[in-house]
Amino acid sequence: MTSMTPLWLDRPRATHPTLTAPASYDVVVVGAGIVGILTGLLMARSGRRVAVLEARQVGDGTTGHTTAKVSLLQGTRLSRILRTNGPSVVRDYVTANQEGQAWLRDFCKVHDVAYQERPAYTYATSRPGELRVRAELSVAGLAGLDATWEETTELPYPVRGAVRLADQMQLHPMELMDALVAQLVAEGGELFEGSRLTDLSDRDGKVTLTTEQTNVTAAHVILATGQPVLRRHGFFARLHPQRSYAAALRSPWVPEGMYLSADSPTRSVRSLPVAGGDELLLVGGNGHITGRAASEAARVEDLVGWARSTFGGEVTHTWSAQDQATVSGLPYVGRMLPGNDAVWVATGFDKWGLAAAPAAALMVTKSLFAEDGAGERPPWHRAFSSWTPREVAGVGRAAQFNVGVGVEMVKDVARRQWRDAEHAEPTLRGICTHLGGSVRWNDAERSWDCPLHGSRFDTDGSVLEGPAVCGLRKL
């Protein structure tokens with residue numbers, strides 16, 4: 001198996017300083033993925049003094065591990081959203097993504113970021129999958145998308161039909177991030193890497209953030225860290241962390257469109273132009289709840305085996321991503337706690353952050369202006385909200401999430417699985433520092449993953465992904 005290095009990150013990368021001295025800002029954004037950098041950029045353009053803090057390097061989270069489709073057709077997500085939300089909210093969600101996609105397309109044109117216009121497809125290979133795809137077509141039409149039904153596709157295997165949406169986008173996410181970072185700095189924003197948030201306090205209208213090196217104060221803080229870090233907000237109980245896998249191949253076959261299956265296991269297919277006029281084939285799928293797979297390496301090998309047998313070719317890269325699904329099916333973008341304008345969150349994009357990120361950044365920026373009396377929230381704000389009555393409709397799904405967490409905790413006690421971790425790495429205690437879950441060994445990425453809320457740790461115990469903010473304890 002090739003090393004688990006994302007294609008997007010296998011390139012020279014700029015570095016940025018670590019924040020080591022106390023400082024004060026109007027806005028601090030925590031997390032330098034696509035949502036965090038975009039939010040920082042829009043805040044800087046509004047005249048705010050802004051700092052973006054990143055625990056590792058720019059793009060090291062979901063942004064650098066995505067399959068990088070910027071599409072309004074998002075598998076069967078629209079029909080899933082409709083289960084717990086009214087039709088008008090689904091239309092708001094589509095409108096928000098349309099505005100975000102248009103912003104991103106304009107930015108790429110102005111700043112010479114390469115992208116390709118491609119049709120997007122959600123397809124089925126089974127009767128149950130066909131029913132889901134036809135339902136998605138119906139909801140897409142209800143939401144105002146000009147989607148069509150196709151009986152056949154270019155895929156080299158039979159399908160039972162597909163929904164097609166023209167004029168969507170695909171790109172190289174780190175080329176986009178390079179341009180966004182350059183604009184953030186040009187607008188006066190500051191960016192700090194190696195600056196992990198470990199705590200914050202909100203008193204007297206001022207937020208104090210504690211990093212591993214220093215303290216920072218701000219009037220407003222936006223947590224754009226995948227899953228919001230820290231424990232007091234409870235978002236970890238309303239989010240579902242999932243890992244999925246991807247591979248790049250030099251293949252004799254590449255598609256003209258972007259494809260995502262409605263069947264299980266999920267299969268994602270797209271192309272990527274490379275220097276010399278060639279194109280790589282990108283495939284993805286085989287997702288599971290973080291920390292709950294018998295063998296992550298087997299998931300990668302299964303995906304690669306499927307790609308080789310179906311399309312042919314030589315594998316150049318394999319990698320994985322972590323995404324967050326929500327109870328309502330919609331992103332959580334808004335106040336961390338109702339009525340508190342100091343700390344905001346942006347999370348729950350469920351594999352479609354590139355299309356939704358500009359909308360999330362616009363939502364936070366405009367909402368903060370509205371609180372200051374200098375602006376108003378966008379008209380589609382209902383689809384991007386952190387606390388709504390709609391959460392009641394999704395209470396069954398929330399219960400499912402947390403029943404799974406409880407089952408994993410019981411398993412840990414019964415099997416004493418933390419002892420397995422400590423036996424494998426005698427210098428580390430195998431207990432997650434977030435809420436005490438027993439970490440499991442990820443045999444594909446050589447990491448310790450928590451099956452409760454998706455925190456991940458490197459072999460030396462340092463944090464790879466939150467919500468944990470502290471590394472595994474030393475024995």
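Please read all numbers here as calculations on a predicted model, not as lab measurements.
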Exercise. Would a 4.5 Å heavy-atom cut-off, applied to side chains only, mark L73 and E136 as touching?
Worked result: yes

Exercise. Just by distance, with hydrogens left out, do S447 and R456 show a side-chain donor and acceptor under 3.5 Å apart?
Worked result: yes

For this session: Would you indicate whether the side-chain heavy atoms of W344 and S367 approach each other to under 4.5 Å?
Result: yes

For this session: State, with a plain yes or no, whether a side-chain heavy atom of N85 is found less than 4.5 Å away from one of D92.
Result: no

For this session: Apply side-chain hydrogen bond (donor to acceptor under 3.5 Å, both in side chains) to the pair T20 and Q213, showing each step before the final yes or no.
Result: CA-CA 5 Å; T20 57; Q213 297 84 14; over 6 Å; no

Exercise. Does a salt bridge link R118 with E279, judged by any charged N lying under 4.0 Å from a carboxylate O?
Worked result: yes

Problem set entry | Intermediate values then yes/no, side chain to side chain contact (heavy atoms under 4.5 Å, CB included), M43 and V364 | CA-CA 9 Å; M43 291 289 182; V364 174; 3.9 Å; yes

For this session: Can you measure from CG (L330) to CG (D350) and round to the nearest 0.5 angstrom?
Result: 10.5 Å

For this session: Kindly give the heavy-atom pair with the smallest separation between C470 and F457, and that separation in Å.
Result: O-CE2, 3.4 Å

Seminar exercise, completed: Nearest heavy-atom approach of L38 to L180 is CD2-CD2, 3.9 Å

For this session: Verify the ring-centre separation between F311 and W306: is it less than 6.0 angstrom?
Result: yes

Problem set entry | Separation of L72 CG from W352 CH2 (nearest 0.5 Å) | 10.0 Å

Exercise. Run the side-chain hydrogen bond (donor to acceptor under 3.5 Å, both in side chains) check on D460 and S462 step by step: do they pass?
Worked result: CA-CA 6 Å; D460 64 357; S462 59; 2.7 Å; yes

Exercise. Which heavy atom of Y245 sits nearest a heavy atom of L303, and at what distance?
Worked result: O-CD2, 3.5 Å

Exercise. For F384 and L362, what are the C-alpha separation, side-chain angles and deciding distance, and is it a side chain to side chain contact (heavy atoms under 4.5 Å, CB included)?
Worked result: CA-CA 11 Å; F384 280 43; L362 288 166; over 6 Å; no

Problem set entry | Test item: Q98 and L145 side chains (from C-beta on) under 4.5 Å apart, heavy atoms | yes

Exercise. Are D178 and R11 ion-paired here, with the side-chain N under 4.0 Å from a carboxylate O?
Worked result: yes

Exercise. Salt bridge between E193 and R13, side-chain N to carboxylate O under 4.0 Å?
Worked result: no

Exercise. Between R56 and D458, is there a side-chain N and carboxylate O pair less than 4.0 Å apart?
Worked result: no

For this session: Would you name the heavy atoms of R299 and N286 that are closest together and state the gap between them?
Result: O-ND2, 2.9 Å

Problem set entry | Audit row: L280, L7, side chain to side chain contact (heavy atoms under 4.5 Å, CB included) steps and yes/no | CA-CA 10 Å; L280 294 178; L7 169 67; 4.2 Å; yes

Seminar exercise, completed: Of all heavy-atom pairs linking R49 and D26, the shortest is N-OD2, 2.8 Å

Seminar exercise, completed: In this structure, CH2 of W8 is separated from CG of L282 (nearest 0.5 Å) by 5.0 Å

For this session: State, yes or no, whether a side-chain contact exists between V327 and Y332 at a heavy-atom distance under 4.5 Å.
Result: yes

Problem set entry | Interatomic spacing from CD in Q170 to CD in Q116 - rounded to 0.5 Å | 5.0 Å

For this session: State, with a plain yes or no, whether a side-chain heavy atom of Y121 is found less than 4.5 Å away from one of V133.
Result: no

Exercise. With side chains defined as the heavy atoms from C-beta onward, is the minimum distance between S386 and F235 less than 4.5 Å?
Worked result: yes

Exercise. Which is it for T290 and Q322 under the side-chain hydrogen bond (donor to acceptor under 3.5 Å, both in side chains) test, yes or no, and what are the steps along the way?
Worked result: CA-CA 8 Å; T290 302; Q322 184 143 309; 2.9 Å; yes

For this session: State, with a plain yes or no, whether a side-chain heavy atom of L142 is found less than 4.5 Å away from one of V90.
Result: no

Seminar exercise, completed: The reported gap from CE in M169 to NZ in K69 (rounded to nearest 0.5 angstrom) is 14.5 Å

Exercise. Looking only at heavy atoms, which two atoms of Y115 and C108 are closest? And how far apart?
Worked result: CD2-CB, 3.6 Å

Problem set entry | Derivation of the salt bridge (Lys or Arg N to Asp or Glu O under 4.0 Å) call for R440 and D449 | CA-CA 5 Å; R440 317 278 177 85; D449 299 357; over 6 Å; no

Problem set entry | Distance-only polar pair, side chains of K351 and S268, donor-acceptor under 3.5 Å | no

Exercise. With no hydrogens and no angle check, do the side chains of R243 and S320 hold a donor and an acceptor under 3.5 Å apart?
Worked result: yes

For this session: Indicate whether any N or O donor in one side chain lies under 3.5 Å from an N or O acceptor in the other, for S24 and T217.
Result: yes

Problem set entry | Residues V283, T310; criterion side chain to side chain contact (heavy atoms under 4.5 Å, CB included); working and verdict | CA-CA 11 Å; V283 299; T310 304; over 6 Å; no

Exercise. Do E154 and Y259 have a side chain donor and acceptor closer than 3.5 Å?
Worked result: yes

Problem set entry | Polar contact flag, side-chain donor to acceptor under 3.5 angstrom, S295-D443 | yes

For this session: Identify the residue among L239, T225, T326, L223 that makes a side-chain contact (heavy atoms from CB on, under 4.5 Å) with T347.
Result: L239

